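Report on the following structure.
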Amino acid sequence: MNDMTMPERRKGPIDPMPKSPGPSEEGGGPKRPETGSPDKDNLLKRMRKVDPKQAEKYRQRTGE
Amino acid sequence: MRLFGIETEYGITRDDLDEVDPVVESMEVVRAHLTASFERRWDYAGEDPHEDVRGFRVSGLAQDQEEDEFAKVDAHRPFSFHEMKSDLVLPNGARFYNDHTHPEYSTPECRSLKDLLAHDRAGERIIQRAADRRNKRLGGPHVQLYKNNTDFHGHSYGCHDNYLVSRSIPFPQLVAGLLPFLVSRQVIAGAGKVGIEAQESGCVPGAYQLSQRADFMETELSVDTMHNRPILNTRDEPHADRNKYRRLHLIIGDANMCEYATALKVGTTQLVLDLIERGAAPILELEQPVSAIKQVSRDPDLKATVRQKNGRTLSGLEIQEQYYLAAQRTLAGTDAESDWVLREWGETLRLLTQERSQLVGKLDWVTKLWLLETFVREERIGWDDPWLASLDLEYHNVSAERGLYLGLEAEGKAWRMTSEADVEQALSTGPQDTRGGLRGLCVRRFPDQIKSMQWERIQFSGGLIPKTLEMDDLFNPEDVKICVEIFEAAASPADAVATWKQRKDSPS
């Protein structure tokens with residue numbers, strides 16, 4: 001069972017997540033997004049479809 | 001010891017009704033997950049939100065009066081309290097239920113960030129699939145769900161991150177070590193928000209801030225969670241052996257869409273807990289933490305400074321840097337996951353000052369701001385346009401067809417830390433090295449023999465003597481593995497409980 005005085009440490013697991021590649025790197029990990037601007041044909045179209053009054057109409061009860 | 005989990009309350013609405021009953025809608029969405037009739041299994045006996053970690057029990061919470069009023073209304077509904085809650089334990093060890101009029105998904109307990117991310121994403125899928133089934137019955141995509149924390153009218157709901165902590169750490173030591181960190185954590189983990197609110201007040205448009213929750217923090221320490229919200233919640237509900245453990249229940253955090261932000265939020269908090277346990281946390285005392293959290297949130301340029309008790313001032317970024325440097329000094333080389341967090345934490349702090357655009361798709365507040373800035377430019381609207389709050393809301397929609405973040409992700413502009421295979425696996429099984437995975441296994445193997453469940457206990461029915469699997473001190477992964485093997489092989493839960501007890505009691 002756990003030793004209460006010393007935090008338990010995992011021994012030698014594989015790298016839990018791939019290193020985030022830098023600007024010039026390529027690899028099997030997450031790809032650096034191209035962040036010039038949102039795609040005008042898709043994402044901006046999706047944004048324009050949002051009802052401007054949606055937040056005004058949105059009501060929730062207080063949660064935790 | 002390393003164990004964490006996330007509870008997320010989702011915003012819910014129906015676009016085909018003028019008046020939405022959130023009790024009914026939340027219940028219906030949770031029940032839409034079911035393929036059979038609802039069976040009451042969750043045991044609330046072990047839950048008492050009135051117990052305070054500072055060593056006393058409060059007679060009432062700030063929300064009790066409001067809750068009592070809702071209870072009076074609920075008493076006239078055609079279903080019982082348990083039916084209304086519709087508390088489900090899923091085959092992956094997660095809990096899915098109607099909490100305070102919001103569908104809530106609590107991940108199973110995880111020991112690694114990779115598992116946590118997969119289970120957080122699985123929660124999004126499970127709740128959206130339930131909404132899809134509900135919408136099919138309604139005849140259109142009327143129910144929409146939002147993984148956010150505000151309704152822009154002064155009502156907030158939470159995304160709580162939880163950590164198992166040794167009770168040997170004195171609570172005042174936790175408070176001292178955590179408060180400045182939590183005030184500044186939004187610099188990396190804020191989900192971004194259009195406008196400024198306060199509890200039960202309207203929204204003032206025109207501003208953009210780092211955090212959804214900062215506006216709703218009203219005190220430093222409190223057992224309350226719905227009113228008079230604290231930076232550090234003092235609820236003493238360990239869901240574990242209370243002589244040995246605490247559950248650090250953080251209600252200050254935003255619900256993140258970016259996997260990277262979730263990983264950093266939980267990963268850095270775990271490192272700070274490790275620092276506190278070793279007595280190596282930075283010694284910082286903020287003069288007014290509650291004001292400080294709002295000051296930091298309301299300055300996306302990250303230049304706002306907050307005052308320490310010694311008179312010196314620091315920005316949120318500088319507070320984070322102090323924690324990062326202490327963690328780097330003390331914890332580097334501890335294990336692979338800590339090293340990953342350290343590397344990414346340091347890099348993120350650097351990019352925030354030098355090359356923020358590289359954090360689009362990684363940090364929510366940066367990503368949302370980038371989207372909104374583009375929209376403002378394209379549409380030639382002002383920052384006080386109400387359209388922006390609607391876009392803010394839609395960023396958090398968990399529908400793949402409508403959500404702005406999910407749209408961004410689909411276009412490859414957001415960082416994925418999980419694979420689809422990870423998420424698929426998390427939909428059906430829990431982590432193999434925690435009691436969460438064991439809980440899920442019991443749900444899959446012995447669904448008809450479970451009498452009741454809590455986080456730390458499963459009671460099985462059948463036979464003259466009730467059989468109970470106690471998990472209040474089942475945190476060693478090797479012990480979990482042995483227990484899982486026993487439950488996988490046993491013919492009945494009674495046999496499994498007996499074998500596990502024998503194994504536990506026998507000298508190793």
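Below, read A as the first sequence line, B as the second, and so on, with proteins coming before strands; counting in each chain starts at 1. Hydrogens, waters and symmetry mates are skipped; everything else that's a heavy atom, side chains included, is used. Computed from a predicted structure; not experimentally measured.
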Does any non-hydrogen side-chain atom of [Y] lie less than 4.5 Å from one of [X]?
X	Y	value
B/Phe375	A/Val50	no
A/Arg46	B/Glu394	no
A/Thr62	B/Gln63	no
B/Phe70	A/Arg61	yes
B/Leu371	A/Leu43	yes

Chain A interface, residue from [options] that has the most non-hydrogen pairs under 4.5 Å:
options	value
B/Gly403, B/Cys159, B/Ser419	B/Gly403
B/Glu259, B/Glu478, B/Glu401, B/His227	B/Glu401
B/Gly154, B/Ser156, B/Cys203	B/Ser156
B/Thr225, B/Leu408, B/Asp224	B/Thr225
B/Gln144, B/Glu104, B/His155	B/His155

inquiry  = Does B/Glu379 form a side chain to side chain contact (heavy atoms under 4.5 Å, CB included) with A/Arg48? I'd like the steps, not just the answer.
reply    = CA-CA 9 Å; B/Glu379 296 298 312; A/Arg48 287 190 184 106; 2.4 Å; yes
Non-hydrogen atoms of chain A under 4.5 Å away: do they reach the side chain of [X], the backbone, both or neither?
X	value
B/Phe216	neither
B/Leu393	side chain
B/Asn148	side chain
B/Val366	neither
B/Pro386	both
B/Asp99	side chain
B/Arg213	side chain
B/Glu200	side chain

query = Would A/Gln60 and B/Ile12 count as a side chain to side chain contact (heavy atoms under 4.5 Å, CB included) if you check the C-alpha gap in whole Å, the side-chain angles of each, and the deciding distance to 0.1 Å?
reply = CA-CA 7 Å; A/Gln60 299 293 296; B/Ile12 182 168; 4.1 Å; yes
request  = Kindly determine whether B/Thr150 and A/Tyr58 satisfy side chain to side chain contact (heavy atoms under 4.5 Å, CB included), including the steps that lead there.
outcome  = CA-CA 10 Å; B/Thr150 180; A/Tyr58 184 65; over 6 Å; no
query = Does B/Glu347 have any salt bridge (charged side-chain N to carboxylate O under 4.0 Å, His left out) partners at least two apart in sequence or in another chain, and if so, which?
reply =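 With neighbours one apart ignored, the set is B/Arg350.
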query = What distance do B/Leu391 atom CG and A/Met47 atom CE have between them, rounded to the nearest 0.5 Å?
reply =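 Going from the CG atom of B/Leu391 to the CE atom of A/Met47 covers 5.0 Å.
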task = Can you measure from CD (B/Glu378) to CG (A/Leu44) and round to the nearest 0.5 angstrom?
result = 5.5 Å
key: Atom group of A/Lys53 that falls short of 4.5 Å from chain B, counting heavy atoms   =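 When you check distances to chain B, only backbone atoms of A/Lys53 fall under 4.5 Å.
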key: A/Gln54 and B/Ser390 side chains, donor-acceptor separation under 3.5 Å   =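 Result is no, nothing qualifies.
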query = Charged N to carboxylate O under 4.0 angstrom, A/Glu64 versus B/Arg229?
reply =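 A salt bridge is absent here (no side-chain N lies under 4.0 Å from a carboxylate O).
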